[in-house]
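The structure displayed is predicted, hence computed values, not measured ones. Residue numbering restarts at 1 for every chain, and letters A, B, ... go by the order of the sequence lines.
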Amino acid sequence: MPRNIIECRNIRKSYVNGGIETEVLKGVTFSVAEGEFVAIMGPSGSGKSTLMHILGALDTPSSGGYFLDGKDISQMTDDELADVRREKIGFVFQSFNLLPRATVLRNVILPLIYEGVAQEKRREIAERALSDSAFPEGFWNHYSNQLSGGMMQRVAIARSLVNNPALILADEPTGNLDSKTGEIVLHTFQALNEGSHGKTIVLITHETYVAEHADRIIHILDGNIVRDERNLRKRVAKIEESSRA
Amino acid sequence: MTTEDLFRESYRAVAVNKVRTGLTMLGIVIGIASVIALTAIGTGAQGTIQSNIQSLGSNLLIVTPGASRAFGTTVSAGLGSAATLTPADANAIAGLPDVAAVSPEVRANEQVVYRGQNTFTSIMGVVPAYAGVRNVQVAQGRFITGSDVQGSQLVAVIGPTVLQDIFGTAVATATPDMAIGQQIVIRGAAFTVVGVTVAKGGAGFMNQDDMVYIPLSTAQHYITGNTQSLNEIDVEAASQNAMTAAQSEITNLLLRRHNISDPAQADFNIINQATIVAAASSVTGTFTALLAAIAGISLLVGGIGIMNMMLTTVTERTREIGLRKAIGAKKKDITLQFLSEAVMLTFGGGAAGIVLGWLAAAVVSHFTAIPTSITLGSVLLAFGVSAGIGIVFGYYPARRAAGLSPIEALRYE
């Protein structure tokens, strides 16, 4: 039995807006084991973004416990959360969030700066992450804003890998991509999840098609988990070799 | 995050928008340059005025006759009109404890003629002590000696301006020695030139280059025709600290000798060189401070420009800040980054400003007579101030950036 990377115990989150308290998460309990590829699915307004923020240590729950890699982070301060994010989590965002006017390599190296990795080791780590995310070598010194969306997202994936995180958290990673480049990105995730990498991946999406690339799908609606099931019809992202570049 | 990384990240951020960075820095450049240039001019002017005053002599007290008053009346004639200073006064002053040297003088304005060339100049009747007290050096020949004075010799030492006026520019520049031994005529008496003084370059009301020095006794006999009154007694105090003491000793002595009980009725004046220097320094110091204050205002405006740009930058880079926080940057990392960007701008502006200010000061010196002097202090101050401006005006934008919530920042469009 592999250990749990994520353990959520009755997580609640409410916001007060204009004197009215709105409960966005109404007691969410689930866990994700090491090496799992889980999709969290739900329509907009379901609370999946709020859940993503808590899972990503960007926010803390109003009540309940959240253990990430065995550590309770539900009561941490901002700076402690920053440490957790730096050490344990790799983020992939819908809008890539790369530094413009910076090369691919520099974007991938960025988390290592905050990690305090020695100057001479950075490039090597970044290059490994780029090849793990199947990013073509010829573009390593291109500026990020000269790349296509699919390429940018793979730079972002490489960036999420450099600090060797316990969890990769992808928030609508294909949302800004066409179906073909979306397929490449999903393929990259599947490749990172399988085999020697064995990365734990949580993917947040509202599209059933995207969610079906994961091993397990958690459905969330109105702040509650409504369904948590093995994905028996797992799709395997197919890419033609020519479209890799 | 290491310091090296911090600087590298800041440099990249600052280098992204070169035009905007340059324009923002320009505010600081102009501010620092004007502080440097204006204080350089102020300090230079102060130095010149002080050295001009110092060139008159060192630890100098100048005693001149005051207004003469008829006994029992309050009617007074103009300053210096009284013939109240006598050689006996000078001898008495020489005996005072805080006095190092005394130089009694008589003065007249006369025509000086040499082979048809003539000039109208000051004739000074002096004793050998004059050279020491008034800091006069001889370039050719010798100065007036004690035996010249005792024997009322008809000898003259001329200033370089006089040399040029009556012997011609060619002699003055090429062969000033030629003047030695020549006869010049003053008031019908022929004087032998025995020396030429070194140019002092002094300008204005008392040009020490445009003078003819002759022995005091000779001047009294041939020029003024009066052996009892002196135009001036120059006194060198024993030391700089003794000047005030010497001044009051002389005052008391002369009041006693002239039988005056009320110091307000004194028939003489004493000018203290230290007082003049202090007054001049205070004037030029105030002037320099005023110039620096005006320049400081432009520096303040430059600082506000920096703050404005940094606030714009924070807004523009909200998503980047969100990303940095998401990948593990702490509040401190973000604060330091934006702060160091601001300091980089002001420090760079400061360095450029120092160079520009130095050039401006050099140009001013070159095209006007105003000398300038840039002190190490003003350069260090400029660096300190520019870095300080970066910290002060960069702090608020940096805190604002660091305070952004990563969730909100990542969502920002």
Side-chain angles (χ1 to χ4, degrees), chain A residues 13 15 49-54 56-60 76-103 106-120 122 143-145 156 159-163 165 169 171-172, chain B residues 1-22 309 312-341 344 398-413:
Chain A
K13 180 73 182 178
Y15 295 101
S49 288
T50 306
L51 183 59
M52 193 284 273
H53 293 147
I54 291 171
L58 292 164
D59 206 350
T60 51
M76 282 186 168
T77 64
D78 284 355
D79 277 353
E80 287 168 337
L81 287 176
D83 284 335
V84 168
R85 293 196 293 269
R86 200 181 65 232
E87 288 163 13
K88 308 263 186 213
I89 301 168
F91 283 99
V92 179
F93 301 98
Q94 176 174 355
S95 49
F96 325 130
N97 281 318
L98 300 179
L99 296 183
R101 299 186 207 85
T103 62
R106 217 194 117 207
N107 266 287
V108 177
I109 283 170
L110 192 64
L112 300 175
I113 289 173
Y114 295 107
E115 186 74 46
V117 173
Q119 194 89 39
E120 55 276 9
R122 290 177 188 167
Y143 284 95
S144 65
N145 43 339
R159 183 181 62 195
S160 76
L161 292 172
V162 284
N163 57 344
L169 199 56
D171 183 18
E172 300 277 11
Chain B
M1 203 174 192
T2 64
T3 317
E4 195 191 341
D5 285 325
L6 184 68
F7 284 145
R8 195 170 303 168
E9 289 290 305
S10 302
Y11 173 73
R12 279 169 174 155
V14 164
V16 159
N17 199 333
K18 292 193 175 64
V19 174
R20 184 165 71 186
T21 301
M309 178 191 154
T312 313
T313 305
V314 169
T315 309
E316 277 180 358
R317 286 159 63 193
T318 299
R319 287 175 70 100
E320 181 199 318
I321 295 162
L323 170 80
R324 286 180 187 271
K325 289 192 128 185
I327 63 173
K330 292 183 189 180
K331 266 200 169 87
K332 188 191 77 184
D333 296 321
I334 303 291
T335 309
L336 279 178
Q337 188 187 333
F338 280 85
L339 211 49
S340 86
E341 282 177 29
M344 205 170 271
R399 288 301 298 178
R400 205 152 120 166
L404 288 173
S405 136
I407 299 168
E408 297 297 323
L410 281 167
R411 214 182 270 156
Y412 185 85
E413 290 300 327

From NZ (B:K325) to CZ (A:F91), nearest 0.5 Å: 13.0 Å
Tell me which donor-acceptor pairs under 3.5 Å the side chains of residues 93-102 of chain A have, and how far apart each pair is, sequence neighbours excluded?
residue : atom : partner : partner atom : Å
A:Q94   : NE2  : A:N176  : OD1          : 3.1
A:S95   : OG   : B:R319  : NH2          : 2.3
A:N97   : OD1  : B:R319  : NE           : 3.2
A:N97   : OD1  : B:R319  : NH2          : 3.0

Output the distance between atom NZ (B:K331) and atom OG1 (A:T77), rounded to the nearest 0.5 Å. 9.0 Å
With only heavy atoms counted, which part of B:Q337 is less than 4.5 Å from chain A, the side chain, the backbone, both or neither? side chain
For the interface with chain B, which of A:V117, A:L110, A:D83 has the highest count of heavy-atom pairs at distances below 4.5 Å? A:L110
For A:Q119, which atoms come within 4.5 Å of any heavy atom of chain B: side chain, backbone, both, or neither? side chain
Starting from the C-alpha separation in whole Å, work towards a yes-or-no answer on side-chain contact (heavy atoms from CB on, under 4.5 Å) for B:L410 and A:D171. CA-CA 12 Å; B:L410 281 167; A:D171 183 18; over 6 Å; no
Structural part of B:R8 lying under 4.5 Å from a heavy atom of chain A: side chain
To the nearest 0.5 Å, tell me how far B:I407 CD1 sits from A:I54 CD1. 8.5 Å
Taking only residues two or more places apart in sequence or in another chain, which ones pass side chain to side chain contact (heavy atoms under 4.5 Å, CB included) with B:N17? B:V19, B:R20
Looking at B:P406 and A:L58, what are the two nearest heavy atoms and their distance? CB-CD2, 3.8 Å
For chain A, which candidate among B:E4, B:E320, B:E9 shows the most heavy-atom pairs at distances under 4.5 Å? B:E9
Salt bridge between B:D333 and A:R86, side-chain N to carboxylate O under 4.0 Å? no
Does CZ belonging to B:F7 count more than 12 external heavy atoms closer than 6.0 Å? no
Testing the basics here: between B:A329 and A:A82, what is the closest heavy-atom pair and its distance to 0.1 Å? O-CB, 3.8 Å
Rounded to the nearest 0.5 angstrom, the CD1-CD1 distance for B:I327 and A:I113 is 8.0 Å
Only pairs of heavy atoms separated by less than 4.5 Å count here; which of A:E87, A:E115, A:H53 has the most with chain B? A:H53
